[in-house]
Structures are given as structure tokens and as C-alpha cells.
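Only heavy atoms go into these numbers, but all of them, side chains included; no hydrogens, no water, no symmetry mates. Chain A is the first sequence line, chain B the second, and so forth, proteins listed ahead of strands; every chain is numbered from 1.
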Amino acid sequence: MPWSWVQKADNNSEWLSAKIKEWTIQQETWKQQLLLEPEDLSSTVDMERLFETFPMIGGLDITPDKEQDDIAYVGIVVLSSKSLQVKYCQTHCVKLQVPYVPGFLGFREAPALINAVECLKREKVDCFPQVLLVDGNGILHPRGFGSACQVGLSLNLPTIGVAKSLLSVDGLNTLQIKEQICEEGKRWLPLLGSSNRVLGAALLSNECVKRPIFVSVGYRIKLLEAINLVFHTCRYRIPEPIRIADKISRQASSRDFC
DNA sequence: GCGACAG
DNA sequence: ATCTTGTCGC
């Protein structure tokens with residue numbers, strides 16, 4: 001839906017317009033709690049040490065129901081980070097409380113995702129991950145607080161945002177990034193906002209892939225660690241934890257539909 | 001004023 | 001997120 005439609009709908013709905021104001025303040029407040037440290041993109045990452053720090057990696061995705069727009073299916077998986085062996089796999093049918101508004105995805109999805117992680121902790125603690133991949137952005141966001149930040153901060157768990165398309169922030173645009181990544185022949189490219197702050201990275205996750213994915217820090221992890229973890233878990237364009245979570249949540253949505 | 005906007 | 005159609009490679 002174009003943003004103008006949303007704005008038009010807002011004017012007819014005091015309710016949503018008030019919510020958006022509230023959410024904006026909430027994001028600005030939560031942003032202060034992110035404990036962001038300056039990124040050193042020239043340092044090297046020791047993969048073995050990375051696997052020791054994050055032996056298990058979780059993936060979260062959510063598929064909306066085909067007919068009821070307040071119903072959705074959460075997929076949650078946990079893999080061994082190094083071997084990519086699946087350790088845990090579960091779906092949940094959930095009721096969503098608010099509509100999707102660009103820039104506020106977390107308020108729609110994060111509560112359901114957080115619930116799925118808490119459920120995993122109760123039913124299978126030995127599969128509890130040290131890091132989560134969230135389908136969406138981290139600090140690569142208009143107010144520096146995407147859904148991956150919301151999930152991480154709430155659970156006090158390291159998170160990484162992985163988006164399939166670029167959210168327009170700080171004048172960043174997809175074409176310019178695509179050109180740049182081709183020119184330089186690199187596997188990944190830092191995304192710099194105004195004042196040269198590092199917001200995330202565009203990553204060609206596979207040799208055959210043409211379109212980058214967009215990786216950003218959610219909570220309590222370095223961008224370089226995030227990039228290396230995500231790259232390691234990519235058999236295809238989308239990292240395995242998210243790809244499998246997406247698959248099982250889709251399966252749940254078509255199963256419950258019948 | 002116009003456009004642009006994760007899932 | 002959803003829809004569609006076509007093409008390539010196994």
C-alpha cells in the first residue's frame with residue numbers, strides 16, 4: 001500500500017494516528033537503550049570464535065493468514081550455527097493486534113515473535129539460541145529502531161535484522177547500491193547514512209545471486225559479526241534460519257486454511 | 001508541494 | 001506481505 005493511502009486512512013482514524021505518535025516516541029526512547037558501539041569494519045572476524053560465542057542461531061518469520069488480516073503464523077527454528085543442522089522447529093498461530101504501517105513493523109510482529117522465543121525457552125531450553133535472525137531491519141530504519149531491535153531489546157538477546165528489500169532511510173536507494181556493489185566487485189558493502197554513520201550492509205549472499213539482502217545490527221552484536229554469521233548461514237539468497245522459518249510458517253498457514 | 005517506505 | 005508469468009537447471 002502506498003504511504004499516501006495510509007496517511008489518508010490515518011486522517012479518518014484518530015486511533016491509528018494517535019498510535020503512530022505513541023509508537024514514534026516509543027522507538028526514540030528504546031533507541032537510547034541499544035548500547036551501540038562504533039563499528040570497526042576493517043577488523044577481521046575469527047569464525048571459530050564466532051561459533052563458540054553463538055553456537056545456536058535462531059530464525060523467525062511470520063506469514064499472514066490468507067483471509068483474516070489479524071491472524072498470522074509464526075515460524076521459529078534453531079540451527080547449529082556451524083553445521084546448520086536443525087535443532088528446533090515450531091509454528092504458532094497468533095492474533096495480531098495492530099495493522100502494518102511502514103516504519104512500525106515491530107509493533108505488529110514483535111510481540112508474536114517474542115512470545116515464540118519465550119515458548120521455546122519453556123519447552124526446550126537446551127535449544128535456546130545465543131543469537132536471532134529477524135525478518136526485517138535492525139538499526140537500518142528511519143528512527144534507528146527496526147523490528148529486530150525491538151525483539152532483541154525485549155528479550156535481552158543478540159539479534160540481526162535481515163531484509164529482502166531496502167527501507168528508504170538517509171537517502172539510501174537500491175539502484176545506487178546495486179551499481180556500487182557491481183563496480184567494486186565486493187561481496188558486501190557498508191551502508192552509510194548522513195554523518196557517515198554505519199547503518200548496515202548490502203550483502204550478496206551467494207555467487208549466483210544478483211539482488212543483495214540488507215543486514216543490520218538489531219541488538220548486542222557487531223555488524224561485522226552479523227555479516228559473517230549471515231553469510232555463513234546462506235545456502236541460497238536468504239539465510240537458512242529465516243528461509244526455514246518462512247517455509248514452516250507458510251505450511252502452517254495453508255494447513256490451517258483447510 | 002511531491003515522492004519514498006521492512007513485512 | 002500478496003498476485004502473475006516465464007525461463008533455466010537439476
Trainee: Who passes side-chain hydrogen bond (donor to acceptor under 3.5 Å, both in side chains) against Asn173(A), sequence neighbours left out?
Mentor: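 Checked Asn173(A) against side-chain hydrogen bond (donor to acceptor under 3.5 Å, both in side chains); zero matches.
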Trainee: Would Lys124(A) and Tyr88(A) count as a cation-pi pair here, with the cationic atom under 6.0 angstrom from the ring centre and within 45° of the axis?
Mentor: no
Trainee: Quick one: Leu140(A) CG to dG7(B) P, roughly how many Å, whole number?
Mentor: 11 Å
Trainee: Quick one: Phe145(A) CZ to dA6(B) P, roughly how many Å, whole number?
Mentor: 18 Å
Trainee: Taking 4.0 angstrom as the limit, do Lys164(A) and Asp135(A) come out as a salt bridge?
Mentor: yes
Trainee: For the base of dA6(B) and the side-chain ring of Phe214(A), does the geometry meet a stacking cutoff of under 5.5 Å between centres and under 30° between planes?
Mentor: no
Trainee: Check whether any side-chain N or O of Arg250(A) sits under 4.0 Å from OP1 or OP2 of dA1(C), and answer yes or no.
Mentor: yes
Trainee: Find the distance Leu166(A):CG to dA6(B):C1' and express it as a whole number of Å.
Mentor: 9 Å
Trainee: When Watson-Crick pairs (N1 to N3 and N6-O4 or O6-N4) and G-U wobble pairs (N1-O2 and O6-N3) count only below 3.5 Å on both distances, what is the dot-bracket string of DNA chain B, with | for other-strand pairs?
Mentor: .......
Trainee: Quick one: NE2 on His232(A) to CD1 on Ile57(A), what's the gap to the nearest 0.5 Å?
Mentor: 8.5 Å
Trainee: Would you say a side-chain N or O of Ser147(A) is under 4.0 Å from OP1 or OP2 of dG7(B)?
Mentor: no
Trainee: Can you tell me which nucleotide in dA6(B), dG7(B), dT2(C) comes closest to the side chain of Asp135(A)?
Mentor: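 From the listed options, dG7(B) comes nearest.
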Trainee: Name the atoms and distances for all side-chain donor-acceptor pairs under 3.5 Å in residues 196-205 of chain A, with sequence neighbours left out.
Mentor:
residue   : atom : partner   : partner atom : Å
Ser205(A) : OG   : Arg237(A) : O            : 2.6

Trainee: Rounded to whole angstroms, how far apart are CG on Leu167(A) and P on dG7(B)?
Mentor: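 Leu167(A) atom CG is separated from dG7(B) atom P by 9 Å.
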Trainee: Nearest whole angstrom, please: distance from the P of dA6(B) to the OH of Tyr100(A).
Mentor: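 The distance from OH of Tyr100(A) to P of dA6(B) comes to 4 Å, rounded to the nearest Å.
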Trainee: Take atom CD1 of Ile62(A) and atom P of dA6(B), then tell me their distance rounded to the nearest Å.
Mentor: 16 Å
Trainee: Distance check needed: dG7(B) C1' versus Arg243(A) CZ, whole Å only.
Mentor: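 From Arg243(A) CZ to dG7(B) C1': 19 Å.
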Trainee: To the nearest Å, give me how far apart CG (Leu172(A)) and C1' (dG3(B)) are.
Mentor: 16 Å
Trainee: Ignoring backbone atoms, test whether Lys164(A) places a side-chain nitrogen or oxygen under 4.0 Å from the OP1 or OP2 oxygen of dG7(B).
Mentor: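 Answer is yes, contact under 4.0 Å.
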Trainee: Does NZ in Lys82(A) sit with more than 12 non-hydrogen atoms of other residues, nucleotides or ligands closer than 6.0 Å?
Mentor: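 Not more than 12 within 6.0 Å, no.
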Trainee: Assess whether a salt bridge exists between Lys121(A) and Glu118(A), defined as any Lys/Arg side-chain N lying under 4.0 Å from an Asp/Glu carboxylate O.
Mentor: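 Glu118(A) and Lys121(A): not salt-bridged.
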